[in-house]
Amino acid sequence: VKDESCKDDCNPNLIPYSITIKSKKPISKYIQLYYLSRNIQWITNYFITLDKETLILDSWFNITNNSGLDYTNSNLKLISGYINLSSSPTPYNSLLKSADSLNTVNSSLPIDDNQIYLIDNTYNILNNSTTKIKNFTAKNVKYEKIYDFGYENTIADIVIKFFNSEENNLGIPLSSGTMNFYRYFNENLEFLGGSSINNIGINREVSATIGKAFNVTVERIILSNTK
């Protein structure tokens with residue numbers, strides 16, 4: 001790919017964003033390069049199976065690479081937070097590196113005001129592809145289901161709530177993403193509804209509205225009105 005903007009001091013046959021290193025003599029040197037990439041995105045998907053009083057939560061990272069490059073034999077770190085992006089042609093991307101779709105997250109740690117997820121081992125993230133990476137599985141998480149009419153509704157919203165704490169067999173920073181809820185019916189897994197969440201820290205409540213109740217309604221009656 002020829003770079004038409006190339007001048008006399010560079011090689012016009014180098015691909016865009018490639019790097020040329022010049023040395024006056026042969027030398028063995030380790031070089032570590034940091035750069036910003038775009039069109040690499042990730043989101044968290046939560047698959048939640050409800051039982052009578054507890055639930056099972058499976059968390060997966062979905063990584064989509066549309067950067068135009070393959071990343072081979074890579075390590076993965078994911079940053080979750082509310083990060084401002086500059087107007088630069090190569091903005092900061094939350095995906096720093098990559099890892100194996102069958103591996104679980106090694107740990108999650110705070111970094112400044114964000115959360116970083118570290119994943120073991122290496123693997124390939126190919127261009128124009130989406131890769132699923134297992135985050136964690138939490139079992140025996142206690143939850144409650146409530147019917148919420150709000151201030152004006154006559155049909156109840158179905159709300160699932162649970163506490164993100166170690167005492168509730170969870171206590172893991174939850175990055176923003178989608179939550180899909182299921183329940184076994186006649187030995188088959190049936191979809192109940194879905195919602196989305198923002199970042200939720202440890203020892204905070206998770207609340208997800210998954211739909212409206214089929215036959216739970218209310219009639220509102222004004223008993224008095226004062227102007």
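When the side chain to side chain donor-acceptor pair (under 3.5 Å) test is applied to N153, no partner is found at least two apart in sequence or on another chain. The side-chain contact (heavy atoms from CB on, under 4.5 Å) search around F191 returns N180, Y182, not counting sequence neighbours. The side chain to side chain donor-acceptor pair (under 3.5 Å) check on S59 picks up N135, with sequence neighbours excluded. By the side-chain contact (heavy atoms from CB on, under 4.5 Å) test, N66 pairs with N39, T64, N128, sequence neighbours left out. The side-chain contact (heavy atoms from CB on, under 4.5 Å) test applied to R183 returns L50, Y143, L192, not counting sequence neighbours. T44 is linked by a side chain to side chain donor-acceptor pair (under 3.5 Å) to S175, counting only residues two or more places apart in sequence or in another chain. Applying the side-chain contact (heavy atoms from CB on, under 4.5 Å) test to E152 and every residue at least two apart in sequence or in another chain returns nothing.
Atom OG1 in T49 sits 9.5 Å away from atom CG in D51 (nearest 0.5 Å). Remark: Y71 OH to T131 OG1 distance equals 13.0 Å, nearest 0.5 Å. Rounding to the nearest 0.5 Å places CD of E219 at 8.5 Å from OG1 of T217. Taking CD1 from I155 and CD1 from I158, the interatomic distance works out to 11.0 Å, rounded to the nearest 0.5 Å. One distance of note links CG of L126 with CG of D70; it measures 5.0 Å at 0.5 Å rounding. We find the NZ-OG1 distance between K139 and T137 to be 7.0 Å, quoted to the nearest 0.5 Å.
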*Yes or no on side-chain hydrogen bond (donor to acceptor under 3.5 Å, both in side chains) for K142 and N168, after CA distance, side-chain angles and deciding distance?*
CA-CA 6 Å; K142 294 181 179 179; N168 198 25; over 6 Å; no
*Checking side-chain hydrogen bond (donor to acceptor under 3.5 Å, both in side chains) for the pair N169/N140: CA distance, chi angles, key distance, verdict?*
CA-CA 7 Å; N169 299 313; N140 297 319; 5.9 Å; no
_Working for side-chain hydrogen bond (donor to acceptor under 3.5 Å, both in side chains), residues S67 and N65_ = CA-CA 6 Å; S67 67; N65 176 16; 2.7 Å; yes
*Given side-chain contact (heavy atoms from CB on, under 4.5 Å), test I116 with L78 step by step and report yes or no.*
CA-CA 6 Å; I116 187 168; L78 301 175; over 6 Å; no
*Should K52 and T54 be marked as a side-chain contact (heavy atoms from CB on, under 4.5 Å) after you check the CA-CA gap, both sets of side-chain angles, and the distance that decides it?*
CA-CA 6 Å; K52 292 182 179 180; T54 61; over 6 Å; no
_If you apply the rule side-chain hydrogen bond (donor to acceptor under 3.5 Å, both in side chains), what do you find for N45 with T178, and how did you get there?_
CA-CA 5 Å; N45 293 140; T178 61; 2.6 Å; yes
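In this structure the side chain of N127 never reaches within 4.5 angstrom of the side chain of L69, judged on heavy atoms. Taking 4.5 Å as the limit, every side-chain heavy atom of I160 sits out of range of all side-chain heavy atoms of M179. Looking only at side-chain heavy atoms (C-beta outward), Y46 and D58 stay at 4.5 Å or farther from each other.
I221 shares a hydrophobic cluster with L223; the chain of contacts runs through ILVMFWY side chains whose heavy atoms sit under 4.5 Å apart. Other members of a hydrophobic cluster containing F163 are absent, since no ILVMFWY side chain comes under 4.5 Å of it, directly or through relayed contacts. Other residues sharing the hydrophobic cluster of Y151, ordered by chain and number and joined by side-chain separations under 4.5 Å: none, the residue standing alone.
The minimum heavy-atom distance between N73 and N124, with the atom names listed, is N-OD1, 2.8 Å. For T154 against F149, the heavy-atom pair with the smallest separation is O-CE2, 3.6 Å.
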Do any side-chain atoms of residues 196-212 form donor-acceptor pairs under 3.5 angstrom with protein atoms, and if so which ones, sequence neighbours left out?
| from | atom 1 | to | atom 2 | distance (Å) |
| --- | --- | --- | --- | --- |
| N199 | OD1 | S80 | OG | 3.0 |
| N199 | OD1 | S176 | N | 2.7 |
| K212 | NZ | D157 | OD1 | 2.6 |

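Note on residues 205-227: no pairs pass ring-ring contact (aromatic ring centres under 6.0 Å, His included), not counting sequence neighbours.
In terms of hydrophobic clustering, with Ile, Leu, Val, Met, Phe, Trp and Tyr side chains grouped at heavy-atom distances under 4.5 Å, I43 and L76 are assigned to different clusters. Follow the hydrophobic side-chain contacts under 4.5 Å out from F136 and you reach F181 in the same cluster. Two different hydrophobic clusters hold I172 and I56 under the rule that ILVMFWY side chains link at heavy-atom gaps under 4.5 Å.
The distance between the ring centers of F61 and Y117 falls below 6.0 angstrom.
Residue I146 qualifies as enclosed at atom CD1: its count of foreign heavy atoms under 6.0 Å is above 12.
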